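Only a predicted model underlies this, so the values are computations on that prediction, with no experimental measurement involved. Side-chain atoms are counted along with the backbone in the values below, which use heavy atoms only and exclude waters and symmetry mates.
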Amino acid sequence: MTSASSFQMLRGAVIIFTGLLSVAFLGRKLESSQWIGIFVTIAGLIVVGLADLLSGPGSGKNLSDVITGDLLIIMAQVIVAIQMVLEEKFVYKHNVHPLRAVGTEGLFGFCILSLLLIPFYYIPAGDFSSSDRGVLEDSLDAFCQMGNQPLIILALLGNISSIAFFNFAGISVTKEISATTRMVLDSLRTVVIWVVSLAVGWEKFHALQILGFIILLLGTGLYNGLHKPLMCRRCREESEETQGLLQGERASINADC
């Protein structure tokens, strides 16, 4: 319904819901810079949504589909935010190893979604469905497609491996360096996907997307405290300069004595 780059950019809405839910359920107090980051992120989402509205007709997509797709992405971030808050609560409370948490989530997710495929096979979805039967998920047809085209199996295996490596690499970066570094590296993914989408002709260039991405990146950086090292460096330089002046004054006083 929308473009791949917009999907990646709109995922930045997770910061808004994670911050609000952490205040409500974890009792956390957000700093002023984090609140500013949330409002800046909201502004970035508005700009990206506006870019989708302006570029929708030109890309051959129905305007109502673009709006629906963007809203579904933002609604999905509420679910992701709930997951993040619950993860933080239980990982710290029960001292669960991150890899064990990811593995447990994957196991339960596989079992729950496998069971949900049964009712999804019979629930009509209308225009939201791409299957001939018009249902939410036609799992039997999916297995037929995999049997007729083994390339789909290869793509699925590649997707599974990519997600597993992504989660492991993200946890490793967070553990060895910091969560802010992980955020910066993750933002590069949006740039790569956007460049590839433009290169292969999946979407057309829109200048508002650049502005929206920069605003979203700024909001994410403020929320995750990327400005603090710069401020600390400036404070340290001012402190060293002050100490140098004080030492100079002391030396002149001693010389006078």
J.: Roughly how far apart are I153 CD1 and L156 CG, rounded to 0.5 Å?
T.: 7.5 Å

J.: Under a 4.5 Å side-chain heavy-atom rule over Ile, Leu, Val, Met, Phe, Trp and Tyr, are I79 and I74 clustered together?
T.: no

J.: Compare every heavy atom of G19 with every heavy atom of I38, then report the nearest pair and how far apart it is.
T.: CD1-CA, 4.5 Å

J.: When hydrophobic residues are tied together by side-chain contacts of less than 4.5 Å, even through go-betweens, does M146 share a cluster with L113?
T.: no

J.: Write down the atom of L208, the atom of V47, and the distance for their closest heavy-atom approach.
T.: O-CG1, 3.4 Å

J.: Are I163 and F7 co-members of a hydrophobic cluster defined by side-chain heavy atoms under 4.5 Å apart?
T.: no

J.: Would you name the heavy atoms of A13 and L45 that are closest together and state the gap between them?
T.: CB-CD1, 3.5 Å

J.: Would M75 end up clustered with L136 when hydrophobic side chains under 4.5 Å apart are linked, directly or stepwise?
T.: no

J.: Where the side chain of Q77 meets the backbone of I73, is there a donor-acceptor pair that is under 3.5 Å apart?
T.: yes

J.: Within the structure provided, determine whether F165 and S161 are in side-chain contact (heavy-atom separation under 4.5 Å).
T.: no

J.: Are V195 and L216 linked, directly or through intermediate hydrophobic residues, by side-chain heavy-atom contacts shorter than 4.5 Å (ILVMFWY only)?
T.: yes

J.: To the nearest 0.5 angstrom, please state how far the CZ atom of F25 sits from the CG atom of L20.
T.: 10.5 Å

J.: List the steps, then state whether side chain to side chain contact (heavy atoms under 4.5 Å, CB included) holds for L222 with V40.
T.: CA-CA 9 Å; L222 286 172; V40 171; 4.2 Å; yes

J.: Strictly distance-based, threshold 3.5 Å: is any side-chain N or O of Q34 a donor or acceptor partner for the main-chain N or O of E31?
T.: yes

J.: Got a donor-acceptor contact below 3.5 angstrom from the N159 side chain to the A155 backbone?
T.: no

J.: Can you measure from CD (Q83) to OG1 (T18) and round to the nearest 0.5 angstrom?
T.: 10.0 Å

J.: Locate the shortest heavy-atom distance separating F120 from V135; write the atom from each residue and the value.
T.: O-CB, 3.9 Å

J.: What's the separation between atom CG in L218 and atom CZ in F213, rounded to the nearest 0.5 Å?
T.: 11.5 Å

J.: Which residue is it: I152, L140, D138? I am looking for the one with a side chain to side chain contact (heavy atoms under 4.5 Å, CB included) to Q145.
T.: I152

J.: Just so I know, are the side chains of T41 and I215 near enough to count as touching, which here means a heavy-atom distance under 4.5 Å?
T.: no

J.: In Å, rounded to the nearest 0.5 Å, how long is the span from CD1 of I16 to CD1 of I42?
T.: 4.5 Å

J.: Does any pair with a residue in residues 63-75 pass side-chain hydrogen bond (donor to acceptor under 3.5 Å, both in side chains), and if so which ones, sequence neighbours excluded?
T.: T2-D70, N62-S64

J.: Backbone N or O of G158 within a donor-acceptor pair of the S162 side chain at under 3.5 Å?
T.: no

J.: Does Y121 offer a backbone N or O that forms a donor-acceptor pair with the side chain of R133 under 3.5 Å?
T.: yes

J.: Distance check, rounded to the nearest 0.5 Å: N148 atom CG versus F143 atom CZ?
T.: 13.5 Å

